[in-house]
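Notes follow the structure.
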2 protein chains.
Amino acid sequence: MKQGQVTLQDVANRAGVSIATASRVIGDGKVKAATREKVEQAIRDLGYFPNAAARTLRGEKSMTVGVVFNELNGSLATELLDSLASRLHADGYSLFVATAQGSEQQYDELVQRFAERRVDALLCVNAMGEGAALTHIRALGIPAAAVFGRRDGYRELPLIMPTIQAAAFACGERLKALGHETIGIVYQATSRPLTGFRYFMKEMGFSVNSYDLAETGSDAVAFINRYMLDPNRPTALIAHQKLAAELFDAADQMAIMIPQDISLIGIRDQTQNQTATRRPLSTIHLDPATLGLESASRLVRILKNGEDQGMLSETHIEMAKWVERDTTGSANK
Amino acid sequence: MKQGQVTLQDVANRAGVSIATASRVIGDGKVKAATREKVEQAIRDLGYFPNAAARTLRGEKSMTVGVVFNELNGSLATELLDSLASRLHADGYSLFVATAQGSEQQYDELVQRFAERRVDALLCVNAMGEGAALTHIRALGIPAAAVFGRRDGYRELPLIMPTIQAAAFACGERLKALGHETIGIVYQATSRPLTGFRYFMKEMGFSVNSYDLAETGSDAVAFINRYMLDPNRPTALIAHQKLAAELFDAADQMAIMIPQDISLIGIRDQTQNQTATRRPLSTIHLDPATLGLESASRLVRILKNGEDQGMLSETHIEMAKWVERDTTGSANK
DNA sequence: CTGAAAGCGCTTACAG
DNA sequence: CTGAAAGCGCTTACAG
């Protein structure tokens, strides 16, 4: 049936050596130069290439890392994936990628599948579900971590979390220099309420107002209207990218000038080439590539050098940059 | 060393049956109900789960599909990947994903790697490089295809190509109804020159002008300037998303009204949640999800039902929709 | 319906 | 430096 398969046995036969010797040539290789030559010739003649399944079965590493996503589209997941893939490729690993598409049941299933495939390591992005298969992962001693977030049965996984501390600090310093004292955080219940950012800003001595648009059922225009009536309104507003763009447009329509009247800062949380505003937004620029590279590096260190899995413990990785552009200016009090 | 591993042998022992019987329980399963019960109990007790490598080695399918990308970021690749992954997952396949990041050498290497892993099928997105490993793919009888494009050594692969014929036709019909007779295609040498679109438009009886901005070294503003001076200028302009947005802005700055003065159409070729214009662009909306679903379905049919690999021959798959929004209107002659 | 046995392709002690 | 042999975990004819 599998006629196409050239095996190491075939190579050994043609080279007139034992299969053990042939194996050594393609492996670590304590072989006499002349022998090596013969074997390599045979490999070329026959077009031999190894069978990964056989190696894995022998108890070698599968040279495989599994990544389970919750959602792949629109989010920053792609950038994570890209950096993860290239970093791991550089060390000889291949990447299993799966997306649960928001379904907990699928998420669990995919983790199970990766356990069956004996991945050498497992990364669970925004993990959620029962996590029953984690028992298998643990039994196999497979290093595993959650990335971005984890819920339910996956809570026991160490979490690799992005932090924006440094960027928030840089942003705060700049706002201070511009005379801002009060900051408004605008969000919709669906998006994350930027608790990290709020915390850092408070630490820096700003007074911080929070506005949940979903709660009051208002859109950007309604919000800006109401906001402008408040004599004690913050002089700077911060929101996720998309909402920030809407706020910009709303202000524009009402002839409110940015940054003269309001300073506006976006948080880049979606893959997008350019912001949807006419003037480029000052931005806290989330860059998951850092996260991917760093996570991958840790995995590789554990996998290759047998370093302690403690490397994968609860971590925060800085992954944002403060990018000042055209929408921040002196506080208008 | 591999203490964590519970094998089928362990299960068989505990259930008091032979390993063959245990195998039948987790497989096709001609087993007496009582026996099955015992084995299943043992599986639960021991927390057994199968080892994919062993199955693959036995000559089973690896239940694995490889996808090699040239670039993952910013392009529509993610959407392709997402639909591919979910469709294949539904049929029990796992997905190997790799990105060559524009390097031909890496591309070749990745294909080789997937051959070693005995993927059941291979998809090469924008394939390029020597393609030496294709010999192995062929020797193994692995169905393979290029997607979007292929170059160099990969030219022999069947190509699954997106087409925008239906969308272009719908767009053309609408433009005709609005009284347009001449259309301008604007592009920069770096982007693809929209030859397909041009062809369809000519077929429909439009006269078509092409403008290569890179060639004349002009930006959007310069182009609009020059274009407005032409008495025989096209009444409608079409360009890739990003350039279309620039044209919109340029017109806006010069107080040229869209769509009153010019009709403008974008081609959505980048993942983006919203177009970067103040009024939503009428758009030829490229949707790679269709392509992913369709490609995956074909693969599955070949893989599961043993259908002829001819299914994977040179194909065009419609993957665009005409979405009329605010930037197309009556021809201003 | 069940079991004993062969074998998938490889690597690695163990001898020589 | 090289070879014979065991064994990784599984499935599938082949007998019973």
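Throughout, protein chains are lettered first and strands after them, A, B, ... in sequence-line order, and every chain is numbered starting at 1. Everything quoted here is computed from the prediction, not taken from an experiment.
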Original post:
Closest nucleotide of DNA chain C for B:Val17 versus for A:Ile19: which of these residues is on the 5' side?
Top reply: B:Val17
Original post:
Which comes earlier along DNA chain C counting from the 5' end, the contact point of B:Ala54 or that of A:Ala22, where each point is its nearest nucleotide?
Top reply: B:Ala54
Subject >> Same-atom distance (C1') from D:dT12 to D:dG16, integer angstrom >> reply: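 Going atom to atom, C1' in each nucleotide, I get 16 Å.
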Atom pair distance, as rounded to whole Å: [atom1] in [X] and [atom2] in [N]:
{"X": "B:Gln9", "N": "D:dG9", "atom1": "CD", "atom2": "C1'", "result": "10 Å"}
{"X": "A:Arg55", "N": "C:dT12", "atom1": "CZ", "atom2": "P", "result": "10 Å"}
{"X": "B:Leu8", "N": "D:dC8", "atom1": "CG", "atom2": "P", "result": "13 Å"}
{"X": "A:Asp10", "N": "C:dG7", "atom1": "CG", "atom2": "P", "result": "15 Å"}
{"X": "A:Leu57", "N": "D:dA6", "atom1": "CG", "atom2": "C1'", "result": "13 Å"}
{"X": "A:Glu116", "N": "D:dG9", "atom1": "CD", "atom2": "P", "result": "15 Å"}
{"X": "B:Phe49", "N": "D:dG9", "atom1": "CZ", "atom2": "P", "result": "11 Å"}
{"X": "B:Arg118", "N": "C:dC10", "atom1": "CZ", "atom2": "C1'", "result": "11 Å"}

Taking [X] for the side chain and [Y] for the main chain, is one N or O donor matched with an acceptor at less than 3.5 Å?
{"X": "B:Asp120", "Y": "B:Val65", "value": "no"}
{"X": "A:Asp10", "Y": "A:Thr7", "value": "yes"}
{"X": "B:Asp152", "Y": "B:Tyr154", "value": "no"}
{"X": "B:Arg36", "Y": "B:Ile26", "value": "no"}
{"X": "B:Ser295", "Y": "B:Leu291", "value": "yes"}

Identify which nucleotide among [options] has an atom closest to any side-chain atom of [X], counting heavy atoms from C-beta outward.
{"X": "A:Lys30", "options": "C:dA4, D:dG9, D:dC1", "value": "D:dC1"}
{"X": "A:Arg24", "options": "D:dG9, D:dG3, D:dT12", "value": "D:dG3"}
{"X": "B:Tyr48", "options": "D:dC10, D:dA4, C:dG3", "value": "D:dC10"}
{"X": "A:Thr7", "options": "D:dC10, C:dC10, D:dG3", "value": "C:dC10"}
{"X": "B:Val31", "options": "D:dG9, D:dA4, C:dT2", "value": "C:dT2"}

**OP:** Any strand is fair game: report the nucleotide pairing with D:dA13 by Watson-Crick or G-U wobble, both distances under 3.5 Å, or none.
**Re:**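 Its partner: none found.
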**OP:** Once you apply the 3.5 Å cut-off to both distances, tell me the Watson-Crick or G-U wobble partner of C:dA4, or none.
**Re:**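 Pairing partner, where one exists within any strand: none, as none qualifies.
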**OP:** Using a heavy-atom cut-off of under 4.0 Å over every strand shown, decide if A:Lys32 touches base, sugar-phosphate, or nothing.
**Re:** sugar-phosphate
**OP:** For A:Ser23, answer base if it contacts any base atom (sugar-phosphate contacts may also be present), sugar-phosphate if it contacts only those atoms, and nothing otherwise; contact means non-hydrogen atoms under 4.0 Å.
**Re:**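 Base contact - A:Ser23 has a heavy atom under 4.0 Å of at least one base atom.
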Subject >> Pair B:Glu37 + B:Lys32, salt bridge at N-O below 4.0 Å >> reply: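 The answer is no: the pair does not qualify as a salt bridge.
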**OP:** Give a yes/no answer on whether the side chain of A:Thr21 brings an N or O atom under 4.0 Å of OP1 or OP2 in D:dG3.
**Re:**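 So the side-chain polar atoms of A:Thr21 do come within 4.0 Å of the phosphate oxygens OP1 or OP2 of D:dG3, strictly under.
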